[in-house]
There are 2 protein chains.
Amino acid sequence: MKEKKNKKILRMTNQRKVILEELSKVYFHPTASDVYEMVRKKLPNVSLGTVYRNLELLSSCRTIQKLDFGESHKRFDGNPDPHYHINCTRCGRVDDAPIELKAELDQEAEKASGYQIASHHISYSGICPDCMSDSTGQ
Amino acid sequence: MKEKKNKKILRMTNQRKVILEELSKVYFHPTASDVYEMVRKKLPNVSLGTVYRNLELLSSCRTIQKLDFGESHKRFDGNPDPHYHINCTRCGRVDDAPIELKAELDQEAEKASGYQIASHHISYSGICPDCMSDSTGQ
DNA sequence: GTATTTGCAAATACTTTGCAAAACC
DNA sequence: GGTTTTGCAAAGTATTTGCAAATAC
């Protein structure tokens, strides 16, 4: 298991600033390469390695979130607060789920499992409103 | 988005049989390469590609489950029935969570989101009993 | 001034794929 | 017998890393 030490002081470079700005603008959950493309419009010389390094760093210090929806790549969320996600199995879209956090789940699982629970995440899957109306005749 | 067609008839080859047997034996959730190693003890000439192909095929026809815990690789579960998981952030261990399914979550999310919800999954994170006792002095 | 960060390119990790031979029903 | 599956090896995709030069504070 890897456990990141976080001793270094983070400097606010231009690249890092633009990555954060772009992430905070979007309503969806971009992949590293989406972020690279977004940032490249502002900083044409930015490198993909820098984007990866920053996304990793920022998520390990909880400024952003790294998300995993079972795809081959990770996605990122400029909102560091815990919230649930919902994804469309037809078009791949991922939205924030408009559901309140269920803190009681942690206590329940802690009692039942013997683990010391730190957090939980719920991901919902289904068909989004757009895909539902697209497939009217289907 | 990719949508697997499942028209072919699956044949029960020796490789496929051993993969299923080995998967059903273990209490943990092995990666493809764990499965490869397990199967190799019974069928020394099996190839990694065959293991990947079968794990993919078997999970797409819901004989097994493909799981994702945000690691760089997928894990597999010989139990196809929906259940929740709990993972230790210290040692990486992943257990089945001894929690009943919460079917009501689907209805709640369906109302709130406008999606047609098909399923949900809860993953808990925390520190497992073993790691808790290991770190007595820490 | 010095430690952090960058761009570049090469390396790595995991998974998928093309193909001819073998196995299944 | 015809289709599915296999083993092998090569290719593909996402991510990480080493290093010298540039930058932040």
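Residue numbering restarts at 1 for every chain, and letters A, B, ... go by the order of the sequence lines.
Contact annotation: the side chain of A:Arg16 approaches that of A:Leu57 to within less than 4.5 Å [non-hydrogen atoms, C-beta and beyond]. Two residues are said to be in side-chain contact when any heavy atoms from C-beta on lie closer than 4.5 Å; A:Tyr115 and B:Tyr124 fail this criterion.
OP1 or OP2 of C:dT6 sits under 4.0 Å from a side-chain N or O of A:Asn54. Within the 4.0 Å cut-off from OP1 or OP2 of D:dA24, not a single side-chain nitrogen or oxygen of A:Thr13 is found. Side-chain nitrogen and oxygen atoms of A:Gln15 include none within less than 4.0 Å of the OP1 or OP2 phosphate oxygen of D:dT23.
C:dC8 atom C1' lies 14 Å from atom CZ of A:Arg40, rounded to whole Å. Atom C1' of nucleotide C:dC14 and atom CG of B:Leu67 are separated by 17 Å, given to the nearest angstrom. Between A:Arg16 atom CZ and C:dT5 atom C1' there is a gap of 7 Å when expressed in whole angstrom units. For B:Asp34 and C:dA13, the CG to C1' distance is 15 Å, given to the nearest whole Å. The separation between A:Ile9 atom CD1 and C:dT2 atom P is 16 Å, rounded to whole Å. Per the geometry, CG belonging to A:Leu43 stands 12 Å off P belonging to C:dC8, to the nearest Å. One atom, CG of B:Leu48, and another, P of D:dA9, lie 13 Å apart when rounded to the nearest Å. If you measure from atom NZ of A:Lys74 to atom C1' of C:dC14, you get 11 Å, rounded to the nearest angstrom.
Candidate nucleotides C:dT16, D:dT15, C:dT17 were compared by shortest atom distance to the side chain of B:Tyr52, and C:dT16 ranks first. Comparing atom distances between the B:His73 side chain and each of C:dC14, D:dT23, D:dT16 picks out C:dC14 as nearest. Candidate nucleotides D:dC25, D:dG7, D:dT5 were compared by shortest atom distance to the side chain of B:Ser47, and D:dG7 ranks first.
Note on A:Asp130 versus A:Arg93: salt bridge recorded, some NZ/NE/NH1/NH2 to OD/OE distance being below 4.0 Å.
Other residues, nucleotides and ligands contribute over 12 non-hydrogen atoms within 6.0 Å of the CD atom of B:Gln107.
Checking D:dC25 for Watson-Crick or G-U wobble geometry (two distances, each under 3.5 Å) identifies C:dG1 as its partner.
For the pair B:Phe76 and B:Arg53, nearest-nucleotide mapping onto DNA chain C gives the more 5' position to B:Phe76. Of the two residues contacting DNA chain C, namely A:Gly49 and B:Leu10, the nearest-nucleotide position lying further toward the 5' end is that of A:Gly49. The residue among A:Asn14 and B:Val51 whose nearest nucleotide of DNA chain D is located toward the 5' end is B:Val51.
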(message) Could you walk me through whether A:Leu23 and A:Leu55 satisfy the side-chain contact (heavy atoms from CB on, under 4.5 Å) test, starting with their C-alpha distance in whole Å, then the side-chain angles of each, then the deciding distance to 0.1 Å, before giving a yes or no?
(response) CA-CA 10 Å; A:Leu23 255 186; A:Leu55 291 173; 4.1 Å; yes

